[in-house]
Amino acid sequence: MAKITKQSENFSKWYTDVILEADLADYGPVKGTMVIKPYGYSLWGNVKRVLNNMIEETGHENAYFPLFIPKSFLEKEAKHVEGFAKECAVVTHSKLVSEDGILTVDPSSKLEEEIIVRPTSETIIWHMFKKWVTSYRDLPIKINQWANVVRWEMRTRLFLRTSEFLWQEGHTAHATKEEAIKETLMIVDMYKSLFEDHLAIPTMIGRKSNMERFAGADETYSIETMMRDKKALQAGTSHYLGTNFGTAFDVKFQSKENKEQPVFATSWGVSTRMIGALIMVHGDDKGLKIPPRIAPHQVVIIPINPKNEEKKKFDNYVDTVHSMLKESNIRCSIDSSNNSPGFKFNNWELKGAPLRIDVGLKEFKSGNVTVCRRDTGEKQEMPIKSLNTLTSTLEDIQKAMYDSANIFLEENTFELNDYNEFKKLLSKENCFIKAYWDGSDASELKVKEQTKATIRCILEDVNDPNLKCIFSGEPAKHLVVFAKAY
RNA sequence: CGGGGUGUAGCGUAGUCCGGUUAGCGCACCUGCUUUGGGAGCAGGGGGUCGGGAGUUCAAAUCUCUCCACCCCGACCA
């Protein structure tokens, strides 16, 4: 196994090395595509399970809508078209012909209306909602789907931006604006809990500016996270769509008072990009660090008995450790491969297993095990009787990982009022900068041009004539976070 | 689509300028033996349309032409 590049040497290279070496994923044959390998998929699966529970517990139902969308659907919402037109995969024909083993598109099979591979599903879902909604009794509709979507991006990176990715997309329809806004915010809280309580990733949450808002939304809330290179990653979004899609797809309902009324919408999603965030928030030069709650293996047991002494009894001892952990509902496995202990230690550190248990003859004879923490590197020998304390050790690790990420975020977030300092700081290092902004596209654009930093989100609105925009000096409307972003 | 670069075994590369043995090496892989508490050692072995095509030559990985693919920077995207 190759050694991975150090973070300080080349962070992007480190990121790619970790993914490939830890066996999370591999490149697909079509540019920008990715194969999620079993270890990566198991990680995704754990996150998915947690989030799916949250989604269902908050009253949403899973469903599945088609991958293919008629091109005309995308034309119906003006801003939505603008946002997605340039990155769509388009199906134009339905047949190939083979001549001497060479396949070419059969011109006679040209489709009358081209089909788009969904970049997101608002349009097809609202097409269906029109069929489903006629009365106030039909509302609200709260749908979620787990799906793949395709966005034909120019520059791709494993997990962060791939041509095809997996996600969940929630789509809801409501009778009132208030209810839709409440839903949008409730989802933001749900994501916050997913990130902070399960992925151990601290978040910065707020609305998007006009320029960064989702194509077709009235308001976009975003979950912003800080990677170890201090760049920002938008890790999830929740959109209040107003009546934009309801109007575009002519969805209306009759109220109790027999009045025709518009339908209000939300949509929200998180994707496999989250795995990218997880890697870049917690990882170190040894590799991944996976928070216990979502780790595929919370504990990995390494038996060390080179000469196979007392083989039967020794193996029994290892099995006992294994089953004791399983009884405590800990996800654990035994690495009984033929590799050397040193190889296994490094390998499981690379793969980010939170705890490792070494069982050698020494431990076997004394009725002990040696427990090693991935986050601190701390080793401790303990009697087998105490294995049940590992449940709380895992919780400690979970918390410690969040705390250390949170300290990192705080240490690299600055509040500034002076644009020269702002430019100076950003030219020196990446960081988050909290500052006041006048709310204009022009100021935001200029800042982006001059520093490459964008407004990640609006933290709060302000109304104090003494507060001035950091760029223009005009009266400030919002407190925002600026950062260079992925 | 502009500017630059690279194609040699699964991966990484030497050789290309200046044509000349059987295309070399590391990792990975296979077999065997010895090993195993922080990335094991030794021995043996398998694997190559040198990106494709055409040309020059007694002779091409090497020179010429051409096509293709990919990468980086920009543009685009977030």
Side-chain angles (χ1 to χ4, degrees), chain A residues 1-5 10 12-13 16-17 20-23 26-33 82-89 119-120 149-157 159-163 165 167 208-209 211-215 217 220 222-225 227 231-237 269-271 273-274 276-277 285-287 300-309 311 314 335-351 356-366 368-372 374 377 379 381 448-449 452-457 483-486:
Chain A
M1 192 185 321
K3 291 210 169 159
I4 56 176
T5 306
N10 182 341
S12 312
K13 185 89 194 325
T16 310
D17 283 354
L20 298 176
E21 295 297 332
D23 228 18
D26 202 351
Y27 291 102
V30 173
K31 185 171 143 58
T33 61
E82 251 178 69
F84 287 106
K86 280 182 247 166
E87 52 185 62
C88 284
T120 178
V149 289
V150 169
R151 295 182 188 176
W152 212 263
E153 303 280 3
M154 305 293 280
R155 294 189 68 181
T156 55
R157 297 195 60 194
F159 287 112
L160 290 187
R161 191 180 292 108
T162 45
S163 313
F165 56 90
W167 75 349
K208 283 291 190 187
S209 67
M211 291 181 46
E212 298 275 333
R213 189 179 294 148
F214 175 73
T220 289
S222 143
I223 317 290
E224 297 290 329
T225 56
M227 306 298 103
K231 280 168 83 174
L233 182 72
Q234 175 182 307
T237 46
V270 295
S271 71
R273 173 182 268 195
M274 206 162 28
D285 285 345
K286 289 181 171 175
V300 175
I301 303 166
I302 316 275
I304 307 166
N305 184 12
K307 302 210 173 13
N308 278 328
E309 291 173 42
K311 181 166 172 25
F314 178 84
D335 184 350
S336 50
S337 67
N338 255 333
N339 295 309
S340 69
F343 181 93
K344 291 180 189 178
F345 298 158
N346 284 291
N347 192 232
W348 286 108
E349 277 160 10
L350 171 61
K351 291 190 153 201
R356 196 184 74 225
I357 290 183
D358 303 341
V359 183
L361 289 172
K362 187 177 74 176
E363 288 87 351
F364 166 58
K365 282 173 183 156
S366 53
N368 287 351
V369 295
T370 298
V371 178
C372 181
R374 172 64 177 90
K379 275 188 195 176
E381 193 163 339
K448 184 179 179 180
E449 269 172 36
K452 290 194 175 156
T454 50
I455 294 177
R456 300 321 307 155
C457 63
K484 288 181 203 161
Y486 274 98

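Throughout, a chain's letter reflects where its sequence line sits, starting with A, and its residues are numbered from 1. Everything quoted here is computed from the prediction, not taken from an experiment.
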Within the structure provided, determine whether A/Asp335 and A/Phe343 are in side-chain contact (heavy-atom separation under 4.5 Å). no
Return the nearest nucleotide to the side chain of A/Lys448; candidates are B/G38, B/A78, B/G37. B/A78
Using the P atom in both, what is the distance from B/G20 to B/A60, to the nearest Å? 11 Å
Quick one: A/Lys344 NZ to B/U35 C1', roughly how many Å, whole number? 13 Å
Of all the choices, B/U36, B/G39, B/A78, which nucleotide is nearest to the side chain of A/Asn347 once you look at every atom? B/G39
Side chain of A/Lys86 only, heavy atoms from C-beta on: which candidate in B/U36, B/G39, B/C76 is closest? B/C76
Among B/G37, B/G39, B/A78, the one nearest A/Asn346 by side-chain distance: B/G39
Integer angstrom distance from the P of B/G24 to that of B/A61: 13 Å
Interatomic distance, A/Glu349 atom CD to A/Cys372 atom SG [nearest 0.5 angstrom]: 6.0 Å
Between C1' of B/G37 and CZ of A/Arg356, the distance in whole Å: 9 Å
Using only heavy-atom distances, decide whether a donor-acceptor pair under 3.5 angstrom links the side-chain of A/Lys379 to the base of B/G38. yes
Under 4.0 Å, heavy atoms only, any strand: does A/Glu363 hit a base, just the sugar-phosphate, or nothing? base
For B/A40, does either OP1 or OP2 sit under 4.0 Å from a side-chain N or O belonging to A/Ser340? yes
Say you pick atom P in B/G12 and the same atom in B/U49; how far apart are they, in whole Å? 16 Å
Mapping A/Phe84 and A/Val359 onto RNA chain B by nearest heavy atom, which one lands closer to the 5' end? A/Val359
Would you kindly give the NZ-to-P distance between A/Lys13 and B/G12, to the nearest whole Å? 10 Å
Touch class at under 4.0 angstrom, heavy-atom based, for A/Leu361 against every strand present: base
Result for 5'-nearest mapping on RNA chain B, choosing between A/Gln234 and A/Gly342, is A/Gly342
Just checking, any donor-acceptor pair under 3.5 angstrom between side chains of A/Thr220 and A/Glu212? no
Output the rounded distance in Å from CG (A/Asp335) to C1' (B/G38). 14 Å
Measure from CD1 on A/Ile304 to C1' on B/G39 and round the result to the nearest Å. 14 Å
How close or far is atom P of B/C29 from atom CG of A/Asn338, stated in whole angstroms? 12 Å
Between B/G37 (C1') and A/Glu309 (CD): distance, integer Å: 13 Å
More than 12 heavy atoms from other groups under 6.0 Å of CH2 on A/Trp167: yes
Starting at the 5' end of RNA chain B, what dot-bracket string do you get if Watson-Crick and G-U pairs under 3.5 Å are bracketed, crossing pairs use [ ], other-strand pairs use | and unpaired bases use dots? (((((((..((((......[...)))).((((((.....)))))).....(((((..]....))))))))))))....
Does A/Arg356 make a cation-pi contact with A/Phe345 (under 6.0 Å, within 45 degrees of the axis)? yes
With A/Asn305, which residues qualify under side-chain hydrogen bond (donor to acceptor under 3.5 Å, both in side chains), at least two apart? none
Out of B/A40, B/G38, B/C77, whichever nucleotide has its closest atom nearest the side chain of A/Cys372: B/G38
Using the P atom as the reference point in each nucleotide, state the distance between B/C17 and B/U6 in Å, no decimals. 15 Å
Separation of B/G37 atom P from A/Phe364 atom CZ, nearest Å, is 19 Å
Say you pick atom C1' in B/U57 and the same atom in B/A75; how far apart are they, in whole Å? 46 Å
Considering only B/G39, B/A78, B/G38, which nucleotide approaches the side chain of A/Phe345 most closely? B/G38
For residues A/Glu309 and A/Leu361, determine if any side-chain heavy atom of one lies less than 4.5 Å from a side-chain heavy atom of the other. yes
Which nucleotide in B/G39, B/C77, B/G37 has an atom nearest any side-chain atom of A/Glu153: B/C77
Taking atom C1' in both B/C18 and B/G48, compute the distance separating them and give it to the nearest angstrom. 25 Å
State whether the distance check finds a donor on one side and an acceptor on the other, under 3.5 Å, for side chain A/Glu349 versus base B/G39. no
Side-chain contact check for A/Lys362: nearest option of B/U36, B/G37, B/C77 is B/G37
Would you say A/Ile302 and A/Trp348 make side-chain contact, with heavy atoms under 4.5 Å? yes
P atoms of B/G39 and B/A28, separation to the nearest Å: 14 Å
Taking the P atom of each, how far is B/C50 from B/U62, in whole Å? 9 Å
Of the listed nucleotides (B/U36, B/A78, B/G39), which one gets closest to any side-chain atom of A/Phe343? B/G39
Of the listed B/U36, B/A78, B/G39, the closest approach to the A/Pro306 side chain comes from B/U36
Under a 3.5 Å cutoff, is there a donor and acceptor pairing between the side chains of A/Asp17 and A/Thr5? yes
Are the side chain of A/Arg456 and the backbone N or O of A/Thr225 linked by a donor-acceptor pair below 3.5 Å? no
